[in-house]
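This report concerns only the one structure given below.
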Amino acid sequence: MSLALIVLAAGKGTRMASDLPKVLHSIAGAPMLVHALRAGAALEPERICVVTGHGAEAVEGAAAEYDPAITAVRQETQLGTAHAVAQARSALAGHGGDAIVLYGDTPFITPETLRRMIDARSNADLVVLGFEAADPGRYGRLVMAGEALERIVEFKDASDEERSINFCNSGVISAESATLFDLIDAVGNDNAAGEYYLTDIIGIARARGLTATAICCDEAETLGVNSRAELAAAEALFQDRARRTAFEDGVTLSAPGSVYFAYDTVIGRDALIEQNVVFGPGVTVESGARIRAFSHLEGCHVSRGAIVGPYARLRPGAELAEDVRVGNFVEIKNAVLDTGAKVNHLSYVGDADLGAKCNVGAGTVTCNYDGARKHRTAIGAGAFIGSGTMLVAPVDVGAEAMIASGSVITQDVPEGALALGRAHQVNKSGLGKKLMDMFRSIKSQKTEEAV
Ligand code: UD1
Ligand code: MG
């Protein structure tokens with residue numbers, strides 16, 4: 001069955017007190033909007049339509065970055081959720097299948113829940129996602145008659161009796177596209193808020209002899225974000241879930257509360273993640289790798305058997321093959337480290353290719369930036385780079401070559417060669433002590449004058 005997603009993201013989010021549109025605030029390294037889109041994308045929709053309004057350009061940019069095939073439609077004034085969905089009509093013209101309406105500020109709906117909604121559609125024309133609210137507050141209430149959903153009443157319009165219902169509307173709704181737009185045509189705004197309520201389509205559908213039902217999900221899934229405090233709570237919830245998922249996947253976390261995941265972190269079975277490790281977006285860590293304490297990783301891949309850290313930083317484009325070692329105070333960026341390569345201490349490796357089993361000594365720097373352009377460094381398999389070497393890129397060091405420590409390497413080093421790129425050392429007999437005695441005597445004279 002062909003599916004269309006309609007994601008509402010036009011609202012202002014006043015309570016965020018922000019210049020950034022609400023749906024672009026991030027949880028675990030991705031805008032809330034992207035979380036909602038990812039949940040929907042798991043259903044392989046044929047079309048995705050995002051309704052934008054406040055901060056439309058920025059929201060449309062984020063949507064296009066996530067998936068260039070997304071259609072954005074503008075809702076110039078926010079007249080209510082039914083009005084928002086109506087804006088998607090032309091974008092979904094001719095769509096024969098079902099539509100699911102999601103909110104851009106509700107990031108935690110799971111694909112499983114959406115699949116249950118699709119299944120429930122075989123028994124009802126409209127399916128609404130509800131939840132049993134611990135505190136139903138101002139949510140819309142679902143008025144049920146057995147399995148059938150009679151109507152949804154907004155808090156502002158509800159009687160006391162209706163307000164005592166705990167089964168609430170998440171906002172997620174699904175129906176055949178054509179039916180959805182038909183029903184929306186009949187929605188008015190004669191209500192307490194003077195808005196076009198999407199929720200009204202249930203009552204209208206029932207009056208027309210159509211059927212509706214609600215399925216229930218965990219309240220945590222429907223959590224919406226309206227303020228900075230709720231954003232922080234959503235982040236914490238995400239992290240809790242990610243840690244539990246890691247355990248279920250067979251990952252050891254030495255101190256789970258101190259490890260922070262991104263929305264897309266992938267970690268293999270029997271990997272070990274020590275204390276205070278932070279994952280930015282785009283990280284995969286293979287089975288059996290070890291990420292030691294206080295390391296920061298983003299946009300990188302760590303293969304089986306590799307050991308990273310403590311105190312390592314892997315930046316985008318860092319590709320570590322099996323059994324690589326990246327030690328303390330080492331930064332790797334846009335660099336490929338082949339099997340068994342070692343960079344163990346205090347080094348910067350950027351825009352580089354390191355061959356298998358090469359050894360990069362402490363304090364080595366690939367000088368990749370000339371102030372305007374970036375250049376690459378290549379180090380061949382089995383090469384040995386002495387401590388304190390400056391590799392001024394672009395430069396190639398051949399396989400099995402050796403570089404004397406303290407060298408500044410500005411020319412390619414042939415395979416197997418020894419490169420010495422430093423000034424000759426000169427020793428002057430007795431002069432060290434003589435100079436030191438002189439300096440000390442000057443210093444003590446000055447101290448006496450000061451007294
Ligand atoms: C809505 C539901 C309510 C439900 C609650 C769940 C209606 C009438 N009410 O209420 O039953 O319990 O969500 O959180 O649907 N939006 C637009 N354009 C608009 C209005 C809203 O794009 O003109 C977007 C908002 O950005 C937001 C979503 O739709 O993402 C929901 O809007 P919001 O104003 O938060 O609706 P609620 O009053 O919370
Ligand atoms: Mg709301």
Side-chain angles (χ1 to χ4, degrees), residues 5-16 18 20-25 31-33 35-37 39-40 49-56 58-60 63 72-88 100-109 126 128-143 149 151-158 162-163 165-173 180 183-184 187-204 212 214 216-217 219-227 230-231 234:
L5 290 182
I6 303 171
V7 183
L8 306 191
K12 188 165 184 198
T14 313
R15 282 189 284 151
M16 293 300 286
S18 176
L20 190 68
K22 175 162 80 171
V23 295
L24 296 189
H25 283 265
M32 270 189 256
L33 175 68
H35 287 265
L37 288 170
C49 183
V50 176
V51 182
T52 64
H54 283 282
V59 176
E60 286 161 12
V73 294
R74 295 236 177 140
Q75 184 193 25
E76 297 297 347
T77 45
Q78 282 70 57
L79 302 180
T81 45
H83 180 254
V85 173
Q87 309 310 306
I100 294 189
V101 178
L102 297 174
Y103 291 173
D105 60 355
T106 307
F108 293 138
I109 307 269
L126 290 104
V128 167
L129 179 62
F131 61 100
E132 290 291 341
D135 169 15
R138 305 186 64 81
Y139 287 117
R141 306 298 207 264
L142 302 183
V143 182
L149 174 60
R151 62 202 162 82
I152 306 178
V153 56
E154 287 305 295
F155 175 80
K156 282 185 185 169
D157 303 283
E162 287 163 338
R163 287 181 181 183
I165 298 171
N166 282 347
F167 194 29
C168 291
N169 176 30
S170 70
V172 183
I173 208 163
L180 179 70
L183 293 167
I184 279 175
V187 172
N189 66 350
D190 181 15
N191 53 49
E195 283 183 12
Y196 295 88
Y197 292 160
L198 180 60
T199 45
D200 279 356
I201 66 171
I202 302 298
I204 297 167
C216 187
C217 73
E219 184 169 5
E221 276 191 51
T222 69
L223 180 121
V225 173
N226 298 297
S227 64
E230 286 175 9
L231 183 69

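These figures come from a predicted structure and were not determined experimentally. Order of listing sets the numbers, starting from 1, for every ligand and every atom in it.
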Contact summary for [X] and [Y], nearest pair of heavy atoms:
X: Val50; Y: Ala9; result: CG1-CB, 4.1 Å
X: Ile165; Y: Leu142; result: CG2-O, 3.6 Å
X: Ala158; Y: Val153; result: CA-CG2, 3.6 Å
X: Asn226; Y: Arg15; result: O-CB, 3.1 Å
X: Arg163; Y: Lys156; result: NH2-O, 3.8 Å

Before signing off on this row, confirm whether [X] and ligand 1 have an N or O atom pair separated by under 3.5 Å.
X: Gly80; answer: yes
X: Ala10; answer: yes
X: Gly104; answer: no
X: Asn169; answer: yes
X: Gly140; answer: yes

Exercise. Quick one: sort the His83 and Tyr196 rings into parallel, tilted or perpendicular, breaks at 30° and 60°.
Key: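 Because their plane-to-plane angle lies in the 30° to 60° range, the rings of His83 and Tyr196 count as tilted.
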How about [atom]: does it have a protein heavy atom within less than 4.0 Å?
atom: atom 13 (O) of ligand 1; answer: yes
atom: atom 33 (P) of ligand 1; answer: no
atom: atom 36 (O) of ligand 1; answer: no
atom: atom 22 (O) of ligand 1; answer: yes
atom: atom 26 (O) of ligand 1; answer: yes

Practice problem: Give the atoms of ligand 1, by number and element, whose distance to some non-hydrogen atom of Thr81 is under 4.0 Å. | Solution: 7 (C), 8 (C), 15 (O), 20 (C), 21 (C), 29 (O), 31 (C), 32 (O)
Practice problem: Can you sort out which atoms of ligand 1 are near Ser170, meaning under 4.0 Å from one of its heavy atoms? | Solution: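 Atoms satisfying the 4.0 Å criterion: 6 (C).
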Quiz item: Heavy-atom contacts under 4.0 Å between Leu79 and ligand 1: side chain, backbone, both, or neither?
Solution: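 Backbone only.
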Self-check item: Option whose closest heavy atom lies nearest to atom 2 (C) of ligand 1, chosen from Phe131, Tyr103, Tyr196, Tyr197
Solution: Tyr103
Quiz prompt | Top protein contact for atom 17 (C) of ligand 1, by heavy-atom distance | solution = Gln75 OE1, 3.6 Å
Practice problem: For atom 9 (N) of ligand 1, find the nearest protein heavy atom and state the residue, atom name and distance (0.1 Å precision). | Solution: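 Nearest neighbour among protein heavy atoms for atom 9 (N) of ligand 1, to 0.1 Å: Glu154 OE1, 3.0 Å.
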Quiz item: Are Phe131 and Phe167 an aromatic pair by the rule of ring centers under 6.0 Å?
Solution: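 No.
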Exercise. Taking Glu221 for its side chain and Cys217 for its backbone only, find out whether a donor-acceptor pair lies under 3.5 Å.
Key: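 Checking the backbone N and O of Cys217 against the side chain of Glu221, no donor-acceptor pair under 3.5 Å is found.
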Self-check item: Lys/Arg N to Asp/Glu carboxylate O, Glu154 vs Arg138, below 4.0 Å
Solution: no
